[in-house]
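Just so we're clear, the structure is a prediction, and the values are computed from it rather than from any experiment. Letters A, B, ... mirror the listed sequences (proteins, then strands); counts begin at 1.
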There are 2 protein chains.
Amino acid sequence: MSYKNCNIKGANEKELEVALNEIIKGIKKPDLVSAEGMQNRLDAKIKPIRSLGVLEDIAVQLAGIQHTVFPEIKGKAVLLMAGDHGVVEEGVSAAPQDVTAQLFYSYLNGGGGINVLTKHAGSKLICNDIGIYGPIEPPELMANRIKNGTDNIAKGPAMTREEALRSLLIGAKIASEAIESGINILATGEVGIGNTTPSAALISVLTGCSVEEATGSGTGLKNDALKHKFNIIKKAIEINKPNLNDPIDILAKIGGLEIAAMVGAIIEAAYQNVPTVLDGIISSAAALVAAKFNPIAIEYMIPSHSSEEKGELIAMKYMGLEPRLFLNMRLGEGTGAALMFHMVEAAIKVADEMATFETSGVTAGDF
Amino acid sequence: MSYKNCNIKGANEKELEVALNEIIKGIKKPDLVSAEGMQNRLDAKIKPIRSLGVLEDIAVQLAGIQHTVFPEIKGKAVLLMAGDHGVVEEGVSAAPQDVTAQLFYSYLNGGGGINVLTKHAGSKLICNDIGIYGPIEPPELMANRIKNGTDNIAKGPAMTREEALRSLLIGAKIASEAIESGINILATGEVGIGNTTPSAALISVLTGCSVEEATGSGTGLKNDALKHKFNIIKKAIEINKPNLNDPIDILAKIGGLEIAAMVGAIIEAAYQNVPTVLDGIISSAAALVAAKFNPIAIEYMIPSHSSEEKGELIAMKYMGLEPRLFLNMRLGEGTGAALMFHMVEAAIKVADEMATFETSGVTAGDF
């Protein structure tokens, strides 16, 4: 059974795991020959060698990913995954849980920060309810919901192993549908009051850094509340004891429904030779899990901004990635990734539109 | 006599200085009330307070500069100033001097990196020959040229005081014409083989940092050649003895024709309530001189990328500014500034297009 024919909501655990493995094992290294061909194209342009830095790196990366010396951006989309978190009842967020659903409606109505920034970047925004707590109207909007909110990780696992698998595969399905519709560069976005808590837990467990290092103030916790958040995250890790060699177990124990869907989207994109632009701390936590499934997935990731949530930088460094936009943002939603789309397009345009030494009459040399 | 009626090429030194002073003394503080009004607008949006970081800072800055709670970007332009540098004969550049004119033609033909990135940003590119060494065809393109190349600063002053004043005022005129044509956000760009040498000299003198700290490899100097560049810059400062209290003298002694024009453009923009997006090291050196003329000019500056030329960061810090895009670029031309235009427009769009708590039904709170 191919994962594409898998009945995500009906299949049993074993069938789901087979489907997931098809994706994970199918991720191949980007094409080095195309990447080198792109660097040669760039080196012929009227500029000192490698002087466009990261723009050149991105053009080279896209050439490798698309297996062509002439990569193209045909369509861009931010996949925004929404979910609630039972751990909010422990007082780990400055905002009430209802805000998740309220913001979700706002994105559907076009008024969120991510709406403004995807529009600015000429990108689609695809909003998905993976695990909001209460009902969403109309009910079709809940078609991809795996359950009504992630459970309180301070009291037990975030979800069952089966639910983690379903969330992963729903994310893969959402990415696959976007790609089928003509999108060939994705970005991960999210909304979920409380979701910096499981993200920090995941980053701490997966990188080995301390909870204090991985944890920030989310939507705006003050000092004592931040210390409380540290303790809740430590408790979640302590009572759940995630198995470090099993990323599905890690997600099921201390993850989140929408985070698992982001992981699924990242690996599916890589499997289909499509890059994913990462966003902030939730996105980075998802990226770490994706890399744990298959480290080659890292080669399909494009980092964007360095968020105010410091765990993000730790996750990035662990994967050998560097954020590029330092804008002191901490909104989430995929807003940093949407801004990075401008840089990614700039990279392709440089390769396609700049003149070469040969055609322009500019003296070439060792500079 | 108003500086606008000043015959830049015909006036005497005293007349030029009067014209320049009219600009410098006319730079006023941005409007705090409009800036506060913008922050109030942003605080009403459906996001945690200040969570869009630098985008909010820029929106607030533009409100203050434009004296309105509803600032607009009506037109963007990179002013690219071109000039040659006699100091190239000392072996301070990996590229030959002819490349300046060759690149200048390439920009006119649309093939430069800056052409691609201004087009990508929806920005105009305005190219100006301030001091290329040889003839440029057709001769009308030399209308703003002050002289045929900056003199070798390792042997004497870069130019006369009168030439420095003319270059400053030509830059102001170019900015003023752009603003009259409907542009209300400018960026500084340049081309000039050898121009990282006077830029490093200016940064060292104006910030007090060492020549070694201010100096990078330009278009690509290797180790020994870089040490030689240090020595040439030290020699230029030593023999010219610029007067630290007189920015015109500093420019005349160790500056450059196109650098002085960039300074003139920055102060003219500030005088006309127009912000300037800075680029790399040459732009930062010009910004330092502008700030020396009048520190209020800093409030009209928007930093962009952190270039590979490390002197840039020193200049930025000295002015209390922080670059935002870390892309390892070292092309110059205004390429980093052109990329920053996307962020500046994003800032305005966030203020104009995001929904508020009041209209969207999202619960507001202390987050």
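No side-chain heavy atom of A:L117 sits under 4.5 Å from any side-chain heavy atom of B:K349. Using a 4.5 Å heavy-atom threshold, the side chains of A:T335 and B:L55 count as separate.
Within 6.0 Å of OH on A:Y133 lie no more than 12 heavy atoms contributed by other residues, nucleotides or ligands. Other residues, nucleotides and ligands place more than 12 heavy atoms under 6.0 Å from the NZ atom of A:K310. Crowding of B:E72 atom CD: a count of heavy atoms from other residues, nucleotides or ligands under 6.0 Å not exceeding 12. At most 12 heavy atoms of other shown residues, nucleotides or ligands fall within 6.0 angstrom of atom CD in A:E358.
Residue A:G53 comes nearest to B:M329 through the heavy atom pair N-CG, 4.3 Å, listed as atom of the first residue, atom of the second, then distance. Closest heavy-atom contact between B:L327 and A:M343: CD1-SD, 4.0 Å. The minimum heavy-atom distance between B:G111 and A:I46, with the atom names listed, is O-CD1, 3.7 Å. Listed here is the closest heavy atom pair of B:P48 and A:R330: CB-NH1, 3.6 Å.
Put simply, of B:L221, B:D98, B:L339, the one with the most heavy-atom pairs under 4.5 Å next to chain A is B:L339. Taking B:S360, B:A346, B:G110 one by one and counting their heavy-atom pairs under 4.5 Å with chain A, the maximum is reached by B:A346. Between chain A and the residues B:S217, B:S51, B:A355, the most heavy-atom pairs under 4.5 angstrom are made by B:S51.
Proximity to chain B is limited to the side chain of A:K119, based on heavy atoms less than 4.5 angstrom apart. Interface residue B:L52: backbone and side-chain heavy atoms are both found under 4.5 Å from chain A. Both the backbone and the side chain of B:E345 come within contact range of chain A, each with at least one heavy atom under 4.5 Å from a heavy atom of that chain.
Listed for the A:H120 side chain is a donor-acceptor partner under 3.5 Å among the backbone atoms of B:H342.
Here the CG atom belonging to B:L331 is positioned 13.0 Å from the NZ atom belonging to A:K45, to the nearest 0.5 angstrom. Here the CG-CD distance, from B:N115 to A:E353, works out to 9.5 Å after rounding to the nearest 0.5 Å. Of the inter-residue distances, the one linking A:N328 atom CG with B:E56 atom CD reads 10.5 Å to the nearest 0.5 angstrom.
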